2 protein chains.
Amino acid sequence: MAEGSGRRVTYANFSTIDFMHDFAKERIRLKRLREHGTWLANLFDASQAWLVVAFVGVATGILAVFIALVEEWLADLKVGYCRDYWYLNRKFCCWMQEEEACSTWVLWGDVVTGNDDPLSVGPQFANATLATLVRRTEPHHEPATTGSFLAAYIVYMAMATLFAFLAAFMCKHLAPYAAGSGIPEVKTILGGFIMRKFLGGWTLIVKTIGLPLATASGMSVGKEGPFVHLACCVGNIFPRLFTKFAKNEAKKREILSAAAAAGVSCAFGAPIGGVLFSLEEVSYYFPYKTMLRSFFSAMMAAVTLQVLNPYRTGKLVLFQVTYTKSWHSFELLFFMLLGALGGLFGAFFIRLNLWVSTLRKHTWIRRHPVQEACTIALVTALISYVNVYLRAGSDKLVGSLFRACPSTTTLDPDAFLDDMHEDLCAREKLAATAGLLLIAAAAKIALTIVTFGTRVPCGIFIPTMCIGACVGRVLGMAVAAMARGFPTFFLFAACAPDEECITLGPYALLGAAAFLAGVTRMTVSLVVIMFEITGALTYVLPIMITVMVAKFVGDAFGHESIYDGLIRLNGYPFLDAKAEYIQAVHAGEVMTVTSDLAVIPAAGWTLADCETLVREDAHMGYPVVESAKSMVLVGFINRTELVYAHEQARKRPDANDMTPVIFGPVPSAASAATSPVLGNLSSFGVVAAHAASGHVPVLDLAPWMDQTPITIVARYPMEMTIELFKKMGLRYVLITRNGQLLEEGGD
Amino acid sequence: MAEGSGRRVTYANFSTIDFMHDFAKERIRLKRLREHGTWLANLFDASQAWLVVAFVGVATGILAVFIALVEEWLADLKVGYCRDYWYLNRKFCCWMQEEEACSTWVLWGDVVTGNDDPLSVGPQFANATLATLVRRTEPHHEPATTGSFLAAYIVYMAMATLFAFLAAFMCKHLAPYAAGSGIPEVKTILGGFIMRKFLGGWTLIVKTIGLPLATASGMSVGKEGPFVHLACCVGNIFPRLFTKFAKNEAKKREILSAAAAAGVSCAFGAPIGGVLFSLEEVSYYFPYKTMLRSFFSAMMAAVTLQVLNPYRTGKLVLFQVTYTKSWHSFELLFFMLLGALGGLFGAFFIRLNLWVSTLRKHTWIRRHPVQEACTIALVTALISYVNVYLRAGSDKLVGSLFRACPSTTTLDPDAFLDDMHEDLCAREKLAATAGLLLIAAAAKIALTIVTFGTRVPCGIFIPTMCIGACVGRVLGMAVAAMARGFPTFFLFAACAPDEECITLGPYALLGAAAFLAGVTRMTVSLVVIMFEITGALTYVLPIMITVMVAKFVGDAFGHESIYDGLIRLNGYPFLDAKAEYIQAVHAGEVMTVTSDLAVIPAAGWTLADCETLVREDAHMGYPVVESAKSMVLVGFINRTELVYAHEQARKRPDANDMTPVIFGPVPSAASAATSPVLGNLSSFGVVAAHAASGHVPVLDLAPWMDQTPITIVARYPMEMTIELFKKMGLRYVLITRNGQLLEEGGD
């Protein structure tokens with residue numbers, strides 16, 4: 001009767017797993033395999049985890065490519081369509097053509113107003129304000145007339161609302177778990193919580209389709225958080241093929257940690273950042289082996305992305321930059337200011353967003369998620385269309401903001417990334433650009449606060465980066481203007497007199513890092529991600545400093561990251577491994593006393609007794625003692641196992657209400673010792689009957705019981721008890737005195 | 001009588017600490033401070049750790065600058081000296097002068113032969129072979145005559161030997177712990193081992209002076225490993241000012257983890273790499289808080305380095321490269337080949353180096369470390385002088401090897417980093433260069449195997465990188481030659497016909513990464529370090545793949561890194577947190593049985609009894625039981641505390657051999673209960689006497705005892721017991737049955 005052999009059929013939904021016993025189960029399995037399996041079976045077993053994480057990486061990479069292509073196509077569809085091949089996005093539709101003179105791409109504005117030649121320039125606008133607006137909004141594809149502008153505007157809004165409707169409708173009716181970022185839940189699940197369907201197939205499908213819809217709708221949502229969720233879905237579904245993972249929740253979580261790394265790897269093209277994100281942000285239990293597997297999984301995801309090359313740039317990363325000049329020492333002052341701004345923004349954002357989320361949860365909005373999403377998308381489109389920076393899409397905007405301007409001596413238009421980048425560098429309209437950027441940032445802040453948490457797939461990374469990049473770039477423009485205006489001011493003494501002193505790109509980059517640090521409170525992983533997606537080697541130190549300042553300032557207003565806040569708001573059980581608990585009490589003072597918690601005697605009870613207990617008592621498990629009088633501890637049985645074992649026993653014809661229930665050959669249970677044992681339950685989930693004739697059959701539950709529970713004494717300090725729970729992944733400890741279960745607390 | 005209040009005066013040398021109780025002690029201190037301290041005292045207490053790690057970072061940065069400058073000066077001194085200012089190295093001596101025409105820098109060869117004008121070119125060499133050699137060795141500062149060449153050669157060797165002699169002599173006579181890399185010991189110390197003086201002031205001073213001597217001697221040693229040791233010395237000495245760290249070994253280790261990060265940060269200019277190195281490679285206990293502090297410490301170190309700017313390049317990193325072209329898919333094949341070579345080399349190197357180390361330890365060499373170092377330095381100088389790549393110094397060679405060659409269309413000499421770089425790119429002498437590089441690699445391998453472990457400060461990072469870079473570059477040259485020779489071969493189909501297909505620099509970079517991965521078995525931290533010191537963004541993926549392959553191949557020949565091997569060789573107690581243990585036994589089967597391990601009864605013994613026990617029994621601690629008959633467990637007392645408490649008690653005039661020793665008010669110790677208590681020892685380390693007149697005084701040792709030891713049952717699985725030890729940092733668990741200490745093992 002090996003301990004653990006029959007234990008842990010399955011966990012109930014919304015329960016927490018017992019890492020310790022899942023690992024013990026795995027070790028028992030491994031020991032058996034080493035003793036009895038062939039070398040081939042052993043080799044296959046050892047390589048399973050590597051196979052699984054490699055597959056998860058590749059699958060996540062393919063998903064990422066699919067989503068990227070669909071998203072780009074949908075986003076372009078808001079503006080026009082490809083005349084020859086409807087399934088092509090603008091870039092591929094205009095492939096090999098001049099961007100300005102692409103005749104195969106038709107704008108909706110022209111279709112609606114019947115203007116079939118997209119390149120003709122119509123009569124001037126009747127309204128001067130509108131004309132200015134249009135020229136600003138559509139610097140190159142200037143629509144023909146006021147009518148066509150308005151038509152394009154309306155189609156744009158309608159499309160955005162339609163996409164949001166589809167995304168929200170799917171989420172509401174097909175897979176409610178597909179909504180949101182998913183990171184708080186993934187964190188909770190990795191911490192040992194069971195949430196069925198959260199990482200299921202429907203969630204995966206709906207989120208894969210809903211995510212490009214949501215992002216293409218123009219709402220202020222990112223796709224990076226959801227990618228982690230998607231990768232974890234893959235990491236949850238695929239290992240079901242292998243019993244090793246299917247039957248062991250703790251082992252499954254090792255794969256999920258690796259999957260989270262693959263998700264970030266795909267989202268940003270940052271494989272190392274992914275590993276560190278998994279380590280720092282989402283994983284609970286992260287042994288060295290899991291780090292290696294995360295590394296491998298993230299690598300495979302990045303290779304897949306590189307090979308498929310969806311953007312046709314040959315580049316893995318999102319925002320590669322090259323800063324030719326390094327920073328001056330005095331700039332550190334402004335970098336730290338950016339850090340402080342980021343920290344403040346984070347604290348402010350977390351509070352407001354959680355307030356909105358609470359509102360959403362407790363008011364009538366809760367029942368109308370589709371309408372809510374549509375409204376937000378409509379308002380977002382309404383605002384975004386008339387601000388060229390908002391309209392460009394966050395990815396593109398961030399890319400342009402991160403870019404340094406070409407040095408003034410070479411004003412070659414090819415030196416610019418695109419028109420927007422040229423716009424951002426144009427010194428003659430500095431104030432207008434700064435104003436537009438600030439408006440964009442303010443609008444984005446307001447929109448992101450209400451959008452993050454809507455019942456569509458939505459991430460927080462890119463919107464936050466976008467806000468930070470706008471603010472940072474404006475600060476950089478201000479500093480540059482100061483340096484030009486007051487070259488003799490002591491701060492700017494280090495500037496060379498004849499060239500531009502301040503590089504604007506890094507300010508945007510540092511702003512993005514600072515704001516992200518404020519909201520997510522990430523540190524090392526954030527620095528690595530920012531470094532990896534830009535390659536800004538000379539700015540690693542400023543990034544570190546800015547992130548550190550943002551973290552400090554943010555923490556001054558509360559230690560919670562947005563994810564921790566959402567975990568708390570949703571009431572998920574999560575013991576934060578990062579927090580330190582200082583308690584003035586002993587374990588004995590907070591324990592559940594036995595007058596509340598029923599105990600089961602190792603012998604003397606019947607099947608009916610146990611069933612009554614389970615029916616009337618809601619605790620997750622019960623200590624087993626020699627007898628209610630001696631209270632000498634024998635073990636601990638979980639409610640789930642107890643219920644399961646009884647259900648199995650009830651299927652036997654010879655079992656009835658009076659069948660005795662024992663827990664192993666307890667010496668004091670002398671009467672039961674001679675009876676035959678009904679089920680030794682040694683094989684998994686099967687009750688083997690040995691009902692000898694003439695005797696009363698007995699149900700032995702010892703194999704279902706934790707025979708070696710961790711026990712502590714009552715005066716064991718509470719903090720150390722918490723450490724035990726955190727580090728060993730325990731679900732219960734029993735408090736004993738001299739081997740007896742303590743009946744009352746106190747010291 | 002608060003538990004823990006009087007415990008843990010100090011640990012004995014070469015003992016292991018009890019993390020759990022050190023943290024408990026810290027929490028008791030914190031609780032008191034929160035209850036009784038002012039807000040200012042609390043604030044100061046909270047900021048102490050940050051202050052300390054910031055200081056450690058800055059101090060390490062300053063040390064790094066000092067060492068870099070001294071090393072450069074010494075290395076130049078082997079070749080010549082500055083005529084006007086003897087304390088200047090060649091670079092500063094020739095500052096603002098043309099490198100080729102620097103008249104203030106005098107070569108030893110010219111001094112010895114009386115040729116005072118360093119720029120005159122003497123008559124041709126008599127011997128043709130020697131002339132070729134000289135031209136190869138001294139491509140620019142060609143010495144005047146055969147005589148001056150030989151003179152320079154001899155001075156070079158003499159200087160190298162002198163430096164090695166000084167370094168080894170200092171290490172032998174002043175601080176033996178200053179020798180070696182220090183990383184295995186730092187790892188062991190962070191794991192909880194006590195090694196007095198290893199991180200002490202003398203070690204710091206001697207290593208700070210010995211390190212530049214050793215590296216400047218030209219021996220195949222790096223300074224990166226020793227930097228970690230130096231940083232940890234600073235991190236050990238400085239916190240002594242704060243009682244919080246001085247009196248708590250576990251808290252001190254948190255600072256040491258941060259210091260290790262600062263060390264790597266300075267060694268490579270790679271702050272993030274430092275944090276990850278500390279996390280992955282050296283730290284044992286690395287909570288989130290320590291990660292933040294490591295981050296901060298590494299950042300401060302990098303800022304210091306950047307501000308002091310010792311190399312006057314304004315660049316933080318060692319080997320910044322810019323690869324304009326990305327890699328082709330087919331190259332992955334060669335990258336993986338490099339990875340495999342690295343793994344093989346690692347396995348081979350570890351075995352041979354450990355064999356040499358064993359030889360050194362067990363033969364007569366052990367007694368002659370100075371002679372050994374001198375011999376190695378002499379041989380190294382003899383070999384190195386005649387190979388231009390070896391002679392250049394590892395740092396410079398690696399820097400040149402990592403560089404890509406300028407594209408063939410622009411054969412501007414300014415495009416090259418230096419002459420060596422030009423040499424490496426020259427296609428007309430491809431075979432000669434490759435041959436020389438291979439010779440350099442072979443010599444370096446042989447030299448590193450015997451040098452690493454010599455009794456001078458020596459690291460393994462740079463030598464290994466150097467070997468890997470040579471091999472990688474040669475492979476790259478071979479591939480490039482193939483691509484030129486067989487452009488139609490299917491592999492090279494992706495090459496553009498009119499330009500160079502293969503970039504050589506990355507091959508060197510990947511070779512370095514692969515060989516380092518083979519020797520150290522680092523993964524994530526290595527990739528980050530390689531990425532951070534070069535900024536090669538487009539090659540992150542190849543680096544990851546190469547490192548992964550090297551790790552897999554290396555692990556196939558044994559899982560030990562060079563550091564783990566040295567830990568085993570030196571017999572340090574180290575429970576590898578990365579390893580997984582699968583044992584078929586239960587805890588009860590491996591326990592120390594009570595017939596071997598003495599137990600102390602809670603009442604009934606005298607002072608003399610205890611002292612006899614301590615004298616005759618060498619165990620590190622003893623369980624305390626109610627009585628030898630009942631064996632009911634009361635607690636556990638460490639030998640150190642027992643000895644200390646007795647020494648304190650002996651100082652009391654009223655204490656004698658017959659003074660009863662009790663452990664708390666044990667109910668069964670009825671006779672002792674009425675006696676006055678000699679010392680309640682509630683304040684730290686002070687014995688308070690309450691000897692009431694007429695009664696026999698009693699020594700109560702309860703405050704010195706662990707009153708809440710972790711107990712498990714005999715059938716507790718061994719692997720889970722190991723997990724308890726690893727994760728909770730335990731030093732003992734007690735095996736009980738029903739509250740009684742188990743006297744015999746088995747199940």
Side-chain angles (χ1 to χ4, degrees), chain A residues 3 20 23-24 27 30-31 34 271-272 275 280 287-289 291-292 295-296 299 302-303 306-307 314 316-317 320 326 329 523-524 527-528 531-532 535 537-538 540-541 544-545 548 577-578 580 582 584 632 707-708 710-713 715-717 719-720 723-724 727-728 736-740, chain B residues 3 20 23-24 27 30-31 34 271-272 275 280 287-289 291-292 295-296 299 302-303 306-307 314-317 320 326 329 523-524 527-528 531-532 535 537 540-541 544-545 548 577-578 580 582 584 632 707-708 710-713 715-717 719-720 723-724 727-728 736-740:
Chain A
E3 198 266 327
M20 199 128 177
F23 288 126
R27 290 205 190 92
L30 262 185
K31 257 187 249 170
R34 296 225 174 146
I272 311 173
V275 177
E280 188 183 342
Y288 182 67
K289 216 181 195 174
M291 173 132 99
L292 274 187
F295 187 80
F296 190 60
M299 188 179 97
V303 169
Q306 176 98 49
V307 169
L316 188 59
V317 300
Q320 187 164 358
S326 190
S329 302
T523 52
V524 183
V527 176
V528 174
F531 178 29
E532 224 182 335
L537 181 64
T538 39
V540 171
L541 209 49
M544 286 181 92
I545 294 171
M548 204 75 203
K578 286 177 195 167
E580 295 213 344
I582 295 186
V632 169
Q707 296 176 26
T708 55
I710 293 264
T711 60
I712 56 175
V713 294
R715 52 180 309 159
Y716 203 73
E719 315 89 41
M720 272 151 81
E723 287 288 300
L724 263 177
K727 293 205 182 132
M728 305 299 293
T736 56
R737 180 188 290 145
N738 299 348
Q740 294 170 291
Chain B
E3 197 266 326
M20 200 131 180
F23 288 126
R27 289 205 190 93
L30 262 186
K31 257 187 251 170
R34 296 226 174 146
I272 312 173
V275 177
E280 188 182 343
Y288 182 67
K289 216 180 195 174
M291 173 133 98
L292 274 187
F295 187 80
F296 190 59
M299 189 180 95
V303 168
Q306 175 97 49
V307 169
K315 275 177 192 162
L316 188 61
V317 299
Q320 188 165 358
S326 190
S329 302
T523 52
V524 183
V527 176
V528 173
F531 178 27
E532 226 183 333
L537 181 64
V540 171
L541 210 50
M544 286 181 92
I545 294 171
M548 204 75 204
K578 287 177 194 165
E580 295 212 345
I582 295 185
V632 170
Q707 297 176 23
T708 54
I710 293 263
T711 60
I712 57 174
V713 294
R715 54 180 308 158
Y716 203 73
E719 315 90 40
M720 272 151 83
E723 287 288 301
L724 264 177
K727 292 204 182 133
M728 306 298 293
T736 57
R737 180 188 290 144
N738 298 348
Q740 294 169 291

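Reminder, nothing fancy here: chain letters follow the sequence lines and each chain counts from 1. Nothing here was measured: the structure is a model prediction, and the numbers come from that model.
- Of the two parts of B:Val275, only the side chain, counted from C-beta on, holds a non-hydrogen atom closer than 4.5 Å to a non-hydrogen atom of chain A.
- Here the CE-CD distance, from A:Met291 to B:Glu280, works out to 4.0 Å after rounding to the nearest 0.5 Å.
- The ring pair (Phe, Tyr, Trp, His ring centres under 6.0 Å) search around A:Phe295 returns none, not counting sequence neighbours.
- Closest approach of A:Leu541 and B:Met299 over heavy atoms only: CD1-O, 4.0 Å.
- In this structure, chain B has a heavy atom under 4.5 Å from the side chain of A:Val632, while its backbone stays farther away.
- Top candidate by heavy-atom pairs under 4.5 Å with chain B, chosen from A:Thr538, A:Leu537, A:Ile272, A:Val527, is A:Leu537.
- Highest contact tally toward chain A, considering only B:Val528, B:Ile545, B:Thr711, is held by B:Ile545 [criterion: heavy-atom pairs under 4.5 Å].
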